[in-house]
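Below, chains carry the letters A, B, ... as their sequence lines are ordered, and counting in each starts from 1.
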There are 2 protein chains.
Amino acid sequence: MRSASEDRTARATIRDEALRLFAAHGPDKVTVRQIATAAEVSPGLVVHHFGSKDGLRAECDRWAVETFENLLGELTREEGGATWAPEPTGSLHEALVRHLPADSPLPGYLRRLLLSDEEAGRLLFRRLYEVSRAALDDLARAGRAEPGPDPAVRAALLLANDLAVLLLREHLADVLGVDPLTREGMARWAPEVLDLYAVGLGATPRAPEEGA
Amino acid sequence: MRSASEDRTARATIRDEALRLFAAHGPDKVTVRQIATAAEVSPGLVVHHFGSKDGLRAECDRWAVETFENLLGELTREEGGATWAPEPTGSLHEALVRHLPADSPLPGYLRRLLLSDEEAGRLLFRRLYEVSRAALDDLARAGRAEPGPDPAVRAALLLANDLAVLLLREHLADVLGVDPLTREGMARWAPEVLDLYAVGLGATPRAPEEGA
DNA sequence: TAACGTATTGAACATGCGTTCAGCTTCGGA
DNA sequence: TCCGAAGCTGAACGCATGTTCAATACGTTA
C-alpha cells in the first residue's frame, strides 16, 4: 500500500483526472469510462474508490472548495491583519491568476460549481459575497471607497463584476485575443478595472504613455 | 390541420415547453419524455415534428436568437437613429426586464446559450460584443464617456459586467433577497451601476434622499 | 508460510435514454 | 364520397450509461 503522503496513488490520479474533465466539460458530459481511461484504470476501480460517480463529484467539490479556502487564507495572511480586500485592490480573478499554475483546473471547476444548481455552489457564492461585503467595509473604513446608499447591492455588484471574468473567460479570450485569466490578459484587464473603479467612465487620469 | 398563424398547434406547444424546460434545467437534464409530458403529447410526436431532440434544441436556439434580435431592433428604434447604447444608459439586463414578461424563458435561455459551448453561444457573445463596442464609441462621440487607452477591453468589461447579472441571477436574488431581473430588483441595482460608471467607487454624488 | 485485506480487472447487469415504426385518427381537396 | 397526407400514439429497439460482482494479484501481518 502506497502511503497517503505520496500523492500519486491511483485514487489521487483518478480524482485529478476527474477534476480536470469535470472542469472542462461538466460532470454530466463526462462518463466514468472517460475518467477511467484518462487515469489509465478500469471503470470498476473508479467506483470502488469513490462509491459512485456522484461520490467522486462530491470529493472533487470538497477538494475545490478546500483548495480555494486555503488560497483565500493565504491572501488574508499576505495583506497583514485586516481582512483581505478582493475589490478593487486585488480582484478574485487576479488572485487566481497569481497563485495558481496556468493549467490549474480550479478556476474552471469553481466556475462550474457557481453555475451548477448544487448546494455547494450556493454556499460558495454566499461565502464570496461575505468576503466582498467585508472588503467593501474595510475599503470604506480606510476611506478608499464609499459604501454608497445600498452597500449590500454595491458589494454584490463588485463581486458579480469580478466573477464575470471567470464565467465568461472563453468568450472574452475569443473576442480579445487574449485569455483574461493569464498574466498577459490580466495586464490588459486590470488597468481598465482600476480606471473604472477610480473615476468611472467619464475620464481617464492615467495617460497612455508606455505601450505593452 | 390548424393553420400556422394560430400559434397553439401542438408543435408550438412542444417548442414552448421545451424552451421553458431547457432554460430552467439545461437541455442535457431534460428528456424528450419530460417535454412530451409537459406538452401533453407523446414522445414520438416530439421527434416527428423536430426530427430529433437536437433538432428541437436547434429550433429553440433559433427562436431565442431571433426574438432577441427583434428586441435589439426595438431598442435601436426607440433610441432614434443612432445605434442603441446598452451601456450604461440602458443596460442589457434592464432591457430584458422592461421588454419581456416576468415569466419569459428568454433570459434563462440566453444565459444557457452563453454558457454552453455551442457555436450559437459564441456567435451571440460576439454579437453582443459588437453592440457594446459600438455603444461605447457612440458614448465617446457624445462626450459621455472616455473610450480609454484600450477600448476593446473597456467594451468587453462593460459587457461582462452587464451579463454578470444575467448569469448570476439566482445567486444574487439569493443574497440580496430580490431578483435583479425584475422591476423591483432593478430599482436597487441600476442606481448602483450608474454611480459606479459616473464617478467610480470614490464618491457618491446623489444624496440618498428619497426612500423606496 | 498462511491468512487476510486491499487494489484492480473485465465481464455482466439494469436502467433510462433517443429514436423507430406500424397503425390509428383527422381532415382538406379532388 | 373517397383518397391521401398530416397529426398522433404506444410499444418496441438499440445503445450508452452507472453500477455490480466474481475473480485475480499483491503487499502486509501474524
Counting the atoms with a prime plus P, OP1 and OP2 as sugar-phosphate, which does A:V30 contact under 4.0 Å by heavy atoms, base, sugar-phosphate, or nothing? sugar-phosphate
Among the nucleotides C:dA7, D:dT9, C:dT19, which one has an atom lying closest to any side-chain atom of B:L45? D:dT9
Could you check whether B:R126 makes a cation-pi contact with B:Y129, meaning its NZ or CZ is under 6.0 Å from the centre of the six-membered ring and within 45° of the ring axis? no
Check this one for me: any side-chain N or O of B:H49 less than 4.0 Å away from OP1 or OP2 of D:dC8? yes
From B:T9 OG1 over to B:I14 CD1, what is the distance, rounded to the nearest 0.5 angstrom? 8.0 Å
Does B:R33 contact C:dG18 through a side-chain donor or acceptor facing the base, at a distance under 3.5 Å? yes
Could you state the CD-P distance from B:E40 to D:dG10, rounded to the nearest angstrom? 13 Å
Value in whole Å for how far the C1' atom of C:dG18 lies from CD of B:Q34: 13 Å
Could you check how far CD1 of A:I14 sits from C1' of D:dG18, rounded to whole Å? 15 Å
Whole angstrom value for the distance that separates C1' of C:dC17 from NZ of B:K29: 15 Å
So which nucleotide from D:dC8, C:dT20, C:dT8 ends up closest to the side chain of A:H48? C:dT8
Geometric cation-pi criterion, B:R11 with B:F50: 6.0 Å, 45°: yes
Choose from C:dT19, D:dG7, C:dT9 the nucleotide whose nearest atom is closest to any side-chain atom of A:S42. C:dT9
Can you name the nearest heavy-atom pair linking A:F22 to A:P27, along with the distance? CD2-CA, 3.4 Å
Does A:F125 have any ring-ring contact (aromatic ring centres under 6.0 Å, His included) partners at least two apart in sequence or in another chain, and if so, which? B:H171
Nearest-Å distance, CG (A:D54) to P (D:dG18)? 11 Å
Rounding to an integer number of Å, can you tell me how far A:K53 NZ sits from D:dT17 C1'? 8 Å
Assuming nearest nucleotide by heavy-atom distance, tell me which of A:T31 and A:G51 is located more 5' along DNA chain D. A:T31
Figure out the CZ/P separation between B:R11 and D:dG7, and round it to whole Å. 9 Å
